[in-house]
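What follows is one structure encoded as structure tokens, with my remarks underneath.
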Amino acid sequence: MTEGFIIAAKWLVPIVDRPLKSGWMIVEDGKISALGQGDVPEFSGARLEFPDAVVLPAFVNAHTHLACHFLKNGDRDLDFSSWLQSGVAPRVIDAAKNHPELLRKGAERAVEELLGGGVGTVADSFFHPAGRDALCSTGLRGVFFREQFGSMSTNLDDYSRGACEQIDKDAAAKQAHLRVLPGVAPHAPYTCPPQVLQAVVERARFAGLRSSIHLAESPAESDFFERSRGPLFEAFAAGRCKARYQFGASPVATLEALGVLGPDVLAVHAVHLSAADIQILAKTDTPVVHCPSSNLALSVGVSPLLELREAGVLCALGTDSGASVGKLDMFEEMRLAILAQRGRPERPKLKFGARDVLEMATLNGAKALGLDATGALKVGMHADFSIVDLARAKSQDFDDPEEAIVWAGTPDDVKALVIAGEFLFGEPQS
């Protein structure tokens with residue numbers, strides 16, 4: 001359905017305003033032209049009724065690796081370094097070289113799962129475009145952050161030159177991929193040496209693209225940079241490669257010294273942070289993408305999310321990949337984001353609840369990705385929204401739709417997903 005319509009529901013959750021009971025919204029030309037509550041106004045287009053449902057902005061999954069969904073039954077009982085080096089990397093490399101259909105099918109299954117879970121915008125980080133292609137084929141929005149590495153390259157000059165040429169190609173082809181924008185993902189500070197890291201972020205900035213990097217994810221990463229030891233150090237920097245890196249400071253401080261951080265660079269995970277690191281992220285306006293279920297599954301710790309928010313850091317929400325979490329469920333990520341913070345013995349006494357985490361899962365993700373016209377229900381914005389059935393939540397006595405979505409919602413409750421006024425999942429009801 002692409003023509004104009006009016007939709008009425010038990011609740012509208014705009015994110016930028018309080019929930020609207022008996023809410024209605026008019027969609028014209030793929031955008032929101034009006035919204036309100038109470039008596040539904042006359043409208044010439046179709047009238048869609050959802051009397052037991054909530055209409056809310058489509059979720060923004062600000063970090064995942066779609067093609068890795070073929071690994072969703074992988075071993076998550078390994079420590080982080082072993083999981084990465086022995087569990088994930090060899091199988092992904094083999095698939096890329098010998099079985100690319102695994103990457104393609106994995107990405108397609110992941111996108112299907114996200115569609116059914118109310119996700120309208122996806123940030124995919126990977127070196128192979130399977131995820132980008134899967135997103136484009138469905139009409140979802142997103143950013144394809146093409147991963148760059150360099151740690152195993154024999155010539156960093158050549159690697160950097162090739163990476164920058166690829167960024168230029170992706171930027172030039174920007175219009176060819178509909179709603180999926182290009183970006184660059186220097187994988188992590190330990191797999192992407194400073195020379196490469198600086199080169200690709202600078203080239204991305206020159207091209208007007210955003211970057212995304214795994215940062216401060218594990219204790220092994222801190223050991224790598226602050227103490228020149230540990231499994232990641234042995235794998236990527238020991239011996240002749242040590243001269244490629246800078247040591248003696250935290251990963252965050254190291255990136256600040258390189259001039260890499262900024263509002264156009266997403267810091268993904270951000271678990272192992274000192275107070276000084278948090279201030280660096282705040283000072284540089286670097287957004288953080290929080291992936292609570294992945295951090296818990298891989299036993300890397302709990303991010304100081306409350307302190308980041310208190311410092312003014314923009315915090316978004318992501319699932320990470322099926323390889324670490326097994327499923328891509330933004331409802332569960334929202335719950336875990338709250339529960340993990342409540343479980344921290346040293347947590348500050350800052351209010352953090354359903355409304356806050358819903359904003360992380362929608363508007364904040366859009367802001368972090370530089371997408372100004374999605375992530376909220378507001379006149380003039382894209383009509384990107386999901387319709388969530390409240391039947392199960394009703395039996396649990398939820399009077400607040402935001403509380404109901406966060407504490408009782410599941411992907412099974414998503415009745416429909418609409419992007420730019422088009423039903424990509426589910427059917428309109430008149």
Side-chain angles (χ1 to χ4, degrees), residues 65 68 71 74-97 125-127 147-164 184-201 211-261 265 267-274 276-277 280 294-295 297-301 320-321 323-324:
H65 308 274
C68 285
L71 295 171
D75 189 350
R76 287 176 289 278
D77 293 329
L78 299 171
D79 65 88
F80 174 77
S81 299
S82 299
W83 170 83
L84 178 66
Q85 296 174 70
S86 304
V88 173
R91 295 176 65 188
V92 168
I93 292 170
D94 177 66
K97 288 182 177 179
S125 292
F126 206 56
F127 61 90
E147 282 185 324
Q148 301 293 345
F149 300 88
S151 58
M152 298 293 106
S153 175
T154 57
N155 188 314
L156 292 186
D157 290 335
D158 288 347
Y159 188 93
S160 298
R161 188 178 304 109
C164 289
V184 64
H187 173 262
Y190 50 89
T191 56
C192 200
Q195 178 180 337
V196 178
L197 190 51
Q198 283 182 307
V200 298
V201 172
S211 301
S212 179
I213 183 170
H214 299 89
L215 181 61
E217 182 175 5
S218 70
E221 186 176 334
S222 298
D223 277 346
F224 182 107
F225 287 98
E226 296 177 31
R227 291 169 281 278
S228 301
R229 70 184 189 195
L232 294 180
F233 177 82
E234 294 299 323
F236 297 105
R240 65 177 180 82
C241 293
K242 184 175 181 179
R244 294 179 167 184
Y245 294 91
Q246 298 176 10
F247 302 99
S250 72
V252 171
T254 300
L255 264 59
E256 182 196 26
L258 294 173
V260 168
L261 299 177
V265 176
V268 180
H269 295 293
V271 176
H272 294 273
L273 303 173
S274 66
D277 290 333
I280 289 171
S294 179
N295 298 338
L298 298 176
S299 300
V300 297
D320 212 339
S321 76
S324 61

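Residue numbers start at 1 and run along the sequence shown.
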Using side-chain heavy atoms (C-beta onward) and a distance below 4.5 Å, is [X] in contact with [Y]?
X	Y	value
Q85	L232	yes
F80	P219	no
S211	V200	no
I213	V260	no
P193	L156	yes
V196	P186	no
L258	Q246	yes
S294	H269	yes

All ring pair (Phe, Tyr, Trp, His ring centres under 6.0 Å) counterparts of F127, not counting sequence neighbours: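 F127: no ring pair (Phe, Tyr, Trp, His ring centres under 6.0 Å) contacts found.
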Nearest heavy-atom neighbours spanning [X] and [Y]:
X	Y	value
G301	V271	C-CG1, 3.7 Å
D158	N155	N-OD1, 2.9 Å
C164	A199	SG-O, 3.7 Å
L71	V92	CD1-CG2, 3.6 Å
E217	E221	N-OE1, 3.1 Å
C192	Q148	SG-O, 4.0 Å

Centroid-centroid distance, F236 to Y245, less than 6.0 Å: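 For F236 and Y245, the ring centres are not under 6.0 Å apart.
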Ring pair (Phe, Tyr, Trp, His ring centres under 6.0 Å) between Y190 and F233, worked out: CA-CA 8 Å; Y190 50 89; F233 177 82; over 10 Å; no
Check against side chain to side chain contact (heavy atoms under 4.5 Å, CB included), L255 and L197: CA-CA 9 Å; L255 264 59; L197 190 51; 3.9 Å; yes
Straight-line distance of S82 OG to L298 CG, nearest 0.5 Å: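 The CG atom of L298 is 11.5 Å from OG of S82, to the nearest 0.5 Å.
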Salt-bridge contact R91-D94 (side-chain N to carboxylate O under 4.0 Å):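 No, this pair does not count.
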L261 and V252: CA distance, side-chain angles, deciding distance, side chain to side chain contact (heavy atoms under 4.5 Å, CB included) verdict: CA-CA 8 Å; L261 299 177; V252 171; 4.2 Å; yes
